[in-house]
Chemist: 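Before I ask anything, here is the structure I am working with.
Note that the structure is predicted; figures quoted are calculated from it, not measured. First the proteins, then the strands, lettered A, B, ... as listed; each starts at 1.
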2 protein chains.
Amino acid sequence: MPAAAPEPLPTRIAAGLARLSVALRAGQWRLAEAHGLTATQAQILGLLAARAAEPARLRPGEVAEQLGITRATASDALSALARKGLVAKRPDPRDGRALGLALTAEGAEAARAAGDAPALLAEAAAALSPADQAALLRLVVKMIRGLQLRGAIAPARVCVTCRYFRPHLYDDPAAPHRCDLVGAPFGDAALRVDCADHAAAPPELAGQTWRRFDAGGAPHGSATPRLAAEGGTSRPRPSAARARSDHDP
Amino acid sequence: MPAAAPEPLPTRIAAGLARLSVALRAGQWRLAEAHGLTATQAQILGLLAARAAEPARLRPGEVAEQLGITRATASDALSALARKGLVAKRPDPRDGRALGLALTAEGAEAARAAGDAPALLAEAAAALSPADQAALLRLVVKMIRGLQLRGAIAPARVCVTCRYFRPHLYDDPAAPHRCDLVGAPFGDAALRVDCADHAAAPPELAGQTWRRFDAGGAPHGSATPRLAAEGGTSRPRPSAARARSDHDP
DNA sequence: CGATTATACGTAGGACTCCTAATCACTCAA
DNA sequence: TTGAGTGATTAGGAGTCCTACGTATAATCG
């Protein structure tokens with residue numbers, strides 16, 4: 001710690017995240033280039049691969065939005081990928097203006113090889129203790145929602161904005177949440193960041209879900225929900241399994 | 001949560017961080033462009049501004065390293081900035097090959113306006129609870145160290161690698177650490193990410209410091225230091241203020 | 001129904017990024 | 001003093017990324 005006047009906490013957090021971002025971007029370049037691609041092209045490949053299992057084809061506009069680039073840039077990169085035979089463009093049957101994007105066989109191969117640039121970050125994350133990992137995921141999800149709220153990011157398919165998500169439904173500290181779609185309880189460590197089954201919650205439900213999640217399972221009527229005891233998956237709770245019976249009235 | 005087979009936790013963490021990175025980069029572009037700059041140029045300006053108070057001038061090679069780009073790219077960007085009159089290059093008196101970089105008055109102004117691109121992230125971070133902020137900073141610092149260890153990132157001036165850092169010296173949960181340089185105790189919330197007074201610790205000390213920090217203040221002789229109770233700044237501790245007397249033997 | 005408005009994609013032009021590889025220029029140790 | 005190493009720059013080329021504009025299709029409304 002320093003000789004004085006450290007910047008405010010949020011600023012230091014942002015600076016730290018910026019550093020992670022630098023590592024990520026450098027890793028993207030290194031990996032992509034080894035396969036004759038560029039960082040953006042590899043990112044697109046990775047995005048398409050992640051969505052490959054879903055019926056609805058991704059469109060250029062969505063790619064741009066997800067990657068935070070303009071449509072023009074996305075169009076450029078997609079043309080390059082098409083030229084290299086890694087991506088197939090075909091007219092969307094539903095909309096004559098739109099295009100459906102799909103990986104070719106070669107593209108799928110390239111995506112496997114070069115599309116997983118965040119692997120370096122994942123490696124570093126894997127070195128954290130399980131509890132730290134869960135805590136980090138939880139906090140990252142909160143940040144994502146915050147950015148989304150501010151319009152700084154395209155809507156992500158995260159649990160906290162999903163209609164099926166019931167945070168802190170149960171008292172089991174290891175699995176307090178519930179997904180109504182699969183009907184199973186789970187903990188912070190299982191939160192999704194890009195869930196294929198995500199369905200946006202209507203505004204009111206979204207607000208309610210968020211408040212419950214953010215409060216972190218504090219006693220429901222409490223006036224001072226949190227402030228001190230924020231932590232990993234295993235925050236002790238006052239009483240034991242009363243599960244399934246403590247909805248909001 | 002999902003229909004099945006979610007990716008492993010570290011992978012999801014990385015994906016989440018990648019999303020934050022997208023937001024950051026988009027924000028960098030938006031802000032920089034509004035001032036007639038590019039993202040990289042603005043980043044360089046921000047870096048120079050952050051180091052402005054220090055006696056030793058930054059050099060092009062260091063800029064490249066900090067930003068995770070090649071020297072050639074850094075050189076390009078610096079030429080552009082010099083052309084715009086925002087950065088002054090002058091020969092380094094210590095080394096005839098090297099250059100010392102400094103912001104001009106205009107450059108300092110531009111840095112203030114466009115150099116703080118992570119502001120968006122900071123804003124989102126500020127919306128977290130204080131405890132969450134401290135926890136996030138702690139985890140980000142851990143990630144930075146992990147990346148640094150893997151050579152994925154230039155050495156950052158973070159407390160955990162500093163010779164003056166004494167983690168978990170005290171039992172006060174709000175301020176367990178100590179900086180030997182300023183001689184004051186502090187908590188996770190005050191951890192630095194780019195401390196001007198940072199001095200790299202020698203390997204052995206570094207390892208020891210890290211283990212103490214990572215263990216998170218678990219009882220010193222414990223066989224199972226952590227695993228469960230990882231958390232914010234305020235994990236309860238067995239006994240009370242015994243400060244200043246519990247070094248490793 | 002036909003005109004307007006909005007949407008989806010593309011292209012053009014330009015500054016810049018980002019890489020590898022090669023070239024100067026200087027430092028330092030032998 | 002010579003040769004290896006280091007710091008910066010340049011050359012060349014593909015690509016990013018932007019702001020406009022085009023062009024085609026879709027949705028909407030009088």
Chemist: Could you pull out the closest heavy-atom pair between B:Ala18 and A:Leu24, with the gap in Å?
Modeler: CA-CD2, 3.5 Å
Chemist: Mind checking whether B:Tyr164 and B:His198 have ring centres under 6.0 Å apart?
Modeler: no
Chemist: List the steps and the verdict of side-chain contact (heavy atoms from CB on, under 4.5 Å) for A:Met143 and B:Leu128.
Modeler: CA-CA 8 Å; A:Met143 287 290 288; B:Leu128 299 175; 4.0 Å; yes
Chemist: Closer to the 5' end of DNA chain C via nearest nucleotide, is it A:Ala98 or A:Glu33?
Modeler: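 It is A:Ala98 whose nearest nucleotide is closer to the 5' end.
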Chemist: Mind calculating the distance between CG (B:Leu58) and P (D:dG7) to the nearest angstrom?
Modeler: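 Computing the B:Leu58:CG to D:dG7:P distance gives 13 Å.
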Chemist: Closest heavy-atom contact between B:Val160 and B:Phe165?
Modeler: CA-CD2, 3.9 Å
Chemist: List the protein contact pattern of nucleotides 20-25 of chain D with one symbol per nucleotide (5' to 3'): B for base contact, S for sugar-phosphate-only contact, - for none; contact means a heavy-atom distance under 4.0 Å.
Modeler: ----BB
Chemist: Using a 4.0 Å heavy-atom cut-off, does B:Arg30 contact any base of the nucleic acid, only the sugar-phosphate backbone, or nothing at all?
Modeler: nothing
Chemist: Tell me, with the steps shown, if B:Asp132 and B:Leu136 meet side-chain contact (heavy atoms from CB on, under 4.5 Å).
Modeler: CA-CA 6 Å; B:Asp132 272 359; B:Leu136 181 53; over 6 Å; no
Chemist: Return the value, rounded to whole Å, for the distance between atom CG of A:Leu81 and atom P of D:dT16.
Modeler: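 It works out to 8 Å between those atoms.
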Chemist: Starting at CG of B:Asp76 and ending at P of D:dA14, how long is that distance when rounded to a whole Å?
Modeler: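 Roughly 17 Å, once rounded to whole Å.
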Chemist: Expressed as a whole number of angstroms, how long is the span from B:Glu65:CD to D:dT6:C1'?
Modeler: 13 Å
Chemist: I would like to know whether B:Asp180 and B:Arg166 meet salt bridge (Lys or Arg N to Asp or Glu O under 4.0 Å); could you show each step before the answer?
Modeler: CA-CA 7 Å; B:Asp180 273 353; B:Arg166 300 278 175 277; 3.0 Å; yes
Chemist: How far apart are the closest heavy atoms of A:His35 and A:Ala113, and which atoms are they?
Modeler: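 Result for this residue pair: CE1-CB, 3.3 Å.
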Chemist: Is A:Arg192 paired with B:Glu7 through a side-chain N to carboxylate O contact shorter than 4.0 Å?
Modeler: yes
Chemist: Is it true that B:Arg12 and A:Asp194 make a salt bridge, defined as a side-chain N closer than 4.0 Å to a carboxylate O?
Modeler: no
Chemist: Measure the distance from CG on A:Leu67 to P on D:dC17 and round it to the nearest whole Å.
Modeler: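 About 9 Å, once rounded to whole Å.
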Chemist: Assign A:Ser75 to base, sugar-phosphate, or nothing according to its heavy-atom contacts below 4.0 angstrom with the strands shown.
Modeler: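 The answer is base, as A:Ser75 lies within the cut-off (heavy atoms under 4.0 Å) of a base atom.
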Chemist: Select base, sugar-phosphate, or nothing to describe what B:Thr73 touches, counting heavy atoms under 4.0 Å on all strands.
Modeler: base
Chemist: Could you state the CG-P distance from B:Asp92 to D:dG7, rounded to the nearest angstrom?
Modeler: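 My rounded result for the distance is 11 Å.
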Chemist: Which is it for A:Glu54 and A:Arg157 under the salt bridge (Lys or Arg N to Asp or Glu O under 4.0 Å) test, yes or no, and what are the steps along the way?
Modeler: CA-CA 14 Å; A:Glu54 296 167 41; A:Arg157 307 187 295 181; 3.0 Å; yes
Chemist: Where the side chain of B:Ser79 is defined as all heavy atoms beyond and including C-beta, which of D:dA8, D:dT10, D:dT16 is the nearest nucleotide?
Modeler: D:dT10
Chemist: What's the closest nucleotide to the B:Trp29 side chain, out of D:dG15, D:dT9, D:dC17?
Modeler: D:dC17
Chemist: Classify the nucleic acid contact of A:Arg25 as base, sugar-phosphate or nothing, counting any heavy atom under 4.0 Å across all strands shown.
Modeler: sugar-phosphate
Chemist: Rounded to the Å, how far apart are A:Arg71 CZ and D:dC18 C1'?
Modeler: 15 Å
Chemist: Let me know the distance between CD of A:Gln41 and P of D:dG15, rounded to the nearest Å.
Modeler: 6 Å
Chemist: Nearest of D:dC17, D:dT16, D:dG15 to any side-chain atom of A:Lys84?
Modeler: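 In terms of side-chain proximity for A:Lys84, the closest of D:dC17, D:dT16, D:dG15 is D:dG15.
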Chemist: First and last nucleotide of DNA chain C touching chain A, 5' to 3', heavy-atom cut-off 4.0 Å?
Modeler: C:dA6 to C:dC19
